[in-house]
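The structure appears below as structure tokens.
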Amino acid sequence: MGVVNITPDSFYDGGRYSLPEKAIGHALELVEQGADILDIGGESTRPNAIAVNEKDELDRVIPVLEGLSPHVTVPISIDTTKSRVAQLALDAGASIVNDVSALRQDPAMADVIAQSGAAVVLMHMQGTPQTMQHSPQYSDVCAEVLQFFEARIEIALRSGIARTNIILDPGFGFGKLVSHNLDLLRSLSSFVMLDCPLLVGLSRKGFIGNIVEKSVDHREWGTAAAIALAVDRGATIIRVHDVAMMIDVVKMAAALSPHWARDKQEHDA
Ligand code: HH2
């Protein structure tokens, strides 16, 4: 999953793709590089990000979706917590809603997704982007994320979203200390039993920077190591800024991962 942020303030690519033609060009490049999914976002969720109003978010993402969707066959995901942004994005060609609030922020979100038949990413976050890194606390982060997934899957199903349309994401960096992120990555395979595709967003995140002691522009090797281990432990959707760099990491790790065995048989056929 290649990331296209149409924001001035995203933690890595903020301001690079603010013009629709720049964002569309970047998205097409990511597809060329091998992205199987595009994730388009108009609001940063970095710690302490300033919330964006609906109109500004729509003005950022809709022209890009309208310009992009006729030219790509890969599914497009809209990274939003607002139901109206999701609805208009789905109308403009998106087919996945990446809701970092897991249907908790906007009470109309679940209905919009259920009615459209879109897929949904349910991501775990403790707090909100404005508060999440103040003092994250867990007694057992993996058990709590597992419980959260079970509860949110239940809500999604009750709202009429098909189980086959649910993707889960432990939310690396969202209300987590470095040790919480490491525990989640170490135990990622414990979420496989929920039988939904697992998405991970590790790309250049702060906890990687903390370990490799590098600024955001120099975290690609740390990201590669984290991605390889996530794939080995069952992640099947890998959200990245650098598709060209990470695609070989994913392919090699997937060829070795027990969770990707079906794909291996396909290679051999
Ligand atoms: N991370 C970011 C944004 N959206 N969505 C999911 N499902 N999982 C993630 O880990 C995730 C996400 C943060 O990365 P980025 O979009 O590059 O930064 P920003 O939020 O500052 O725009």
Side-chain angles (χ1 to χ4, degrees), residues 1-18 23 26-27 30 35 37-52 56-57 60-61 64 75-82 85-86 89 94 96-105 109 113 118-130 132-133 136 145 148-149 152 156 165-176 180-181 184-185 188 191 196-209 215-217 219-220 223 226-227 230 235-243 246:
M1 172 185 263
V3 180
V4 182
N5 283 318
I6 314 154
T7 55
D9 56 343
S10 285
F11 81 97
Y12 172 57
D13 52 2
R16 288 188 208 185
Y17 311 112
S18 299
H26 181 58
L30 295 180
I37 306 175
L38 291 167
D39 190 36
I40 310 290
E43 177 171 31
S44 171
T45 48
R46 68 186 294 165
N48 301 316
I50 296 165
V52 175
D56 289 351
E57 195 176 336
R60 289 176 187 176
V61 297
V64 173
I76 302 177
S77 153
I78 175 72
D79 187 346
T80 189
T81 54
K82 300 184 184 74
V85 176
I96 302 170
V97 179
N98 175 18
D99 180 358
V100 299
S101 83
L103 310 175
R104 291 177 298 166
Q105 186 163 314
M109 185 62 115
I113 297 168
V120 63
V121 179
L122 300 175
M123 196 197 78
H124 176 272
M125 165 165 40
Q126 188 180 89
T128 66
Q130 288 70 40
M132 65 189 182
Q133 291 306 113
V145 171
F148 175 87
F149 283 156
R152 299 321 293 168
N165 281 341
I166 298 176
I167 298 163
L168 301 174
D169 178 352
F172 289 97
F174 286 86
K176 280 130 194 148
H180 299 138
N181 289 302
L184 283 168
L185 187 46
L188 204 64
F191 304 126
C196 294
L198 264 186
L199 185 154
V200 290
L202 294 158
S203 194
R204 300 181 182 271
K205 290 258 165 101
F207 81 100
I208 295 175
S215 68
V216 68
D217 288 326
R219 293 178 188 163
E220 46 284 268
T223 297
I227 284 178
T236 51
I237 304 178
I238 316 301
R239 184 182 185 277
V240 294
H241 302 99
D242 314 287
V243 172
M246 296 304 153

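First listed ligand is number 1; within each ligand, the first listed atom is number 1. Please read these numbers as outputs of a predicted model, since none were measured by experiment.
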Proximity of Tyr12 to ligand 1 by residue part, where a heavy atom lies under 4.0 Å:
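Near ligand 1, Tyr12 shows nothing, with every heavy atom at 4.0 Å or more.
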
Heavy-atom contacts under 4.0 Å between Thr7 and ligand 1: side chain, backbone, both, or neither?
neither

Quick test: of every protein heavy atom, which one is nearest to [atom], and how far off is it to 0.1 Å?
atom	value
atom 18 (O) of ligand 1	Phe11 CD2, 3.2 Å
atom 22 (O) of ligand 1	Ser10 OG, 2.4 Å
atom 6 (C) of ligand 1	Asp169 OD2, 3.1 Å
atom 15 (P) of ligand 1	Asn5 ND2, 3.5 Å
atom 5 (N) of ligand 1	Asn98 ND2, 3.1 Å
atom 1 (N) of ligand 1	Lys205 NZ, 3.1 Å
atom 4 (N) of ligand 1	Asp79 OD2, 3.0 Å

For ligand 1 and [X], I'd like to know whether there is a polar contact (N/O to N/O, distance under 3.5 Å).
X	value
His241	yes
Phe172	no
Asp39	no
Thr45	yes
Asp13	no

What distance separates [X] [atom1] from [Y] [atom2], expressed to the nearest 0.5 Å?
X	Y	atom1	atom2	answer
His124	Leu184	NE2	CG	8.0 Å
Arg239	Lys205	CZ	NZ	6.5 Å
Leu30	Ile37	CG	CD1	12.5 Å
Met109	Arg104	CE	CZ	12.5 Å
Ile208	Leu185	CD1	CG	8.0 Å
Thr80	Asp39	OG1	CG	10.5 Å

For [X], the ligand 1 atoms whose distance to one of its heavy atoms is below 4.0 Å:
X	result
Arg46	20 (O), 21 (O)
Val100	4 (N), 5 (N), 12 (C)
Val121	7 (N)

Do side-chain atoms of Gln130 reach the backbone of Ala49 as a donor and acceptor pair under 3.5 angstrom?
yes

Got a donor-acceptor contact below 3.5 angstrom from the Arg46 side chain to the Asp9 backbone?
yes

Check each of Arg239, Arg204, Met123 against atom 2 (C) of ligand 1 and report the one with the nearest heavy atom.
Arg239

Which residue from Ser77, Ser44, Gly41 reaches closest to atom 19 (P) of ligand 1 through any of its heavy atoms?
Ser44

Check ion pair Arg152-Asp99 (N to O, under 4.0 angstrom)
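No, this pair does not count.
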
Side-chain heavy-atom pair Pro170, Leu188 within 4.5 angstrom cut-off
yes

Among Thr81, Ile78, Ile167, find the one that has a side chain to side chain contact (heavy atoms under 4.5 Å, CB included) with Val97.
Ile78

Plane angle bin for Phe11 and His241 - parallel if under 30°, tilted between 30 and 60°, otherwise perpendicular
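Aromatic pair His241/Phe11 classed perpendicular.
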
